[in-house]
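Written below as structure tokens is the structure these notes are about.
Computed over heavy atoms, backbone and side chain alike; hydrogens, waters and symmetry mates excluded. First the proteins, then the strands, lettered A, B, ... as listed; each starts at 1.
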Number of protein chains: 2
Amino acid sequence: MVTKQFSGLPEDADLRRADSLAREIFSDVANKWALLIIEALGERTLRFGEIRDEVEGISHKMLTQNLRMLERNGLVERNVHPTVPPKVEYTLTGPGRGLRETVDLMCDWTQRHLRHIETSRDRFRP
Amino acid sequence: MVTKQFSGLPEDADLRRADSLAREIFSDVANKWALLIIEALGERTLRFGEIRDEVEGISHKMLTQNLRMLERNGLVERNVHPTVPPKVEYTLTGPGRGLRETVDLMCDWTQRHLRHIETSRDRFRP
DNA sequence: CGGAATCCGTTACGATACTG
DNA sequence: CAGTATCGTAACGGATTCCG
């Protein structure tokens, strides 16, 4: 994606734009908290507090921050119920579920290689 | 993966260990630079400088740092040729190539949703 | 050329407190 | 309950320099 080389020609202008957009999105999405939130949501609709309970170790602040980012990119849908106390629900959108599939695979990969990585770490001498 | 709830029973001890190990690995791997390096390597063997040229925007420091981390986790193999000037080559290991497949999918996903995300961003009012 | 170490500004992040 | 704001600290990350 990001590894293309461009000439100075004006025709490349939109290619450059697409490429830097791709990089932006990738940077947004390729981070620990975002991926764990997406994984936690899965096919379900969860409230703010429920996500916080699922994603262990995440702080209130990081959760809101990442949820806003995911919403901005159209990967999660935010539904506010005007009740008191407030109830806010989050759901993955179509594209969000698509991304989730790749995160699933990454989690599977992690599980499959726990042992290999553990022993590799033990062997590793800087 | 990370979303399990444990009781206080001693039998859960190794489950906890595996879980926290999984989290560690996930945190290592789910970051922008690591994934871009893995993507850049692909099936090829590349020298340090070649990777730096492929992964645009990465600094000398971030590259060495992430390569060390990937090596420690057994995802890349590092080969030093004792010449002068030195020549150091990096290749994905088996597990590394496995992870790369999931990164490929994530890159594909990014490309497929460029437009959707772009318009979602335009619409988004905080 | 690749790597380590240094300096230093920027961001990430947690803790806390306050609002509707 | 969810969100915003503020503050302090720790980690990130870039630029630079020196070494094999």
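Rounded to an integer number of Å, the gap from Lys87(A) NZ to dG3(D) P is 14 Å. Between the CZ atom of Arg52(A) and the C1' atom of dA2(D) there is a distance of 9 Å, rounded to whole Å. The distance between atom CE of Met62(A) and atom C1' of dG3(D), rounded to the nearest whole Å, is 14 Å. Protein atom CG of Asn31(B) is 7 Å distant from nucleotide atom P of dG13(D), rounded to whole Å. Following rounding to the nearest Å, Lys61(A) (NZ) and dT6(D) (C1') show an atom-to-atom distance of 9 Å. Atom CD of Glu89(A) is separated from atom P of dC1(D) by 15 Å (rounded to the nearest Å).
No donor-acceptor distance shorter than 3.5 angstrom exists from the side chain of Thr102(B) to the backbone of Gly98(B), with no hydrogens or angles considered. In terms of modelled atom types and a separation under 3.5 Å, the side chain of Thr110(A) and the main chain of Phe26(B) share no donor-acceptor contact. Checked by atom type and distance alone, the side chain of Trp33(A) never pairs as donor or acceptor with a backbone atom of Ser59(A) at under 3.5 Å.
By the 4.0 Å N-to-carboxylate-O rule, Asp104(A) lies close enough to Arg100(A) to be salt-bridged with it.
Picking from dG3(D), dG13(D), dC1(D) the nucleotide with the shortest atom distance to the side chain of Arg68(A) gives dG3(D).
Chain B approaches DNA chain C over the interval dC1(C) to dC7(C), counting the first and last nucleotide 5' to 3' with an atom under 4.0 Å from its heavy atoms.
In DNA chain C, runs of at least 3 consecutive Watson-Crick or G-U pairs, each pair with both distances below 3.5 Å, span C:2-20 with D:1-19.
Of the candidates Glu89(B), Arg47(B), Lys87(B), His81(B) forms a side-chain hydrogen bond (donor to acceptor under 3.5 Å, both in side chains) with just one, namely Glu89(B).
By the 6.0 Å contact criterion, CZ on Arg123(A) is open, its count of non-hydrogen atoms from other residues, nucleotides or ligands being 12 or less.
Nearer to the 5' terminus of DNA chain D, by closest-nucleotide assignment, is the contact made by Asn66(B) (compared with the other of Asn66(B) and His60(B)).
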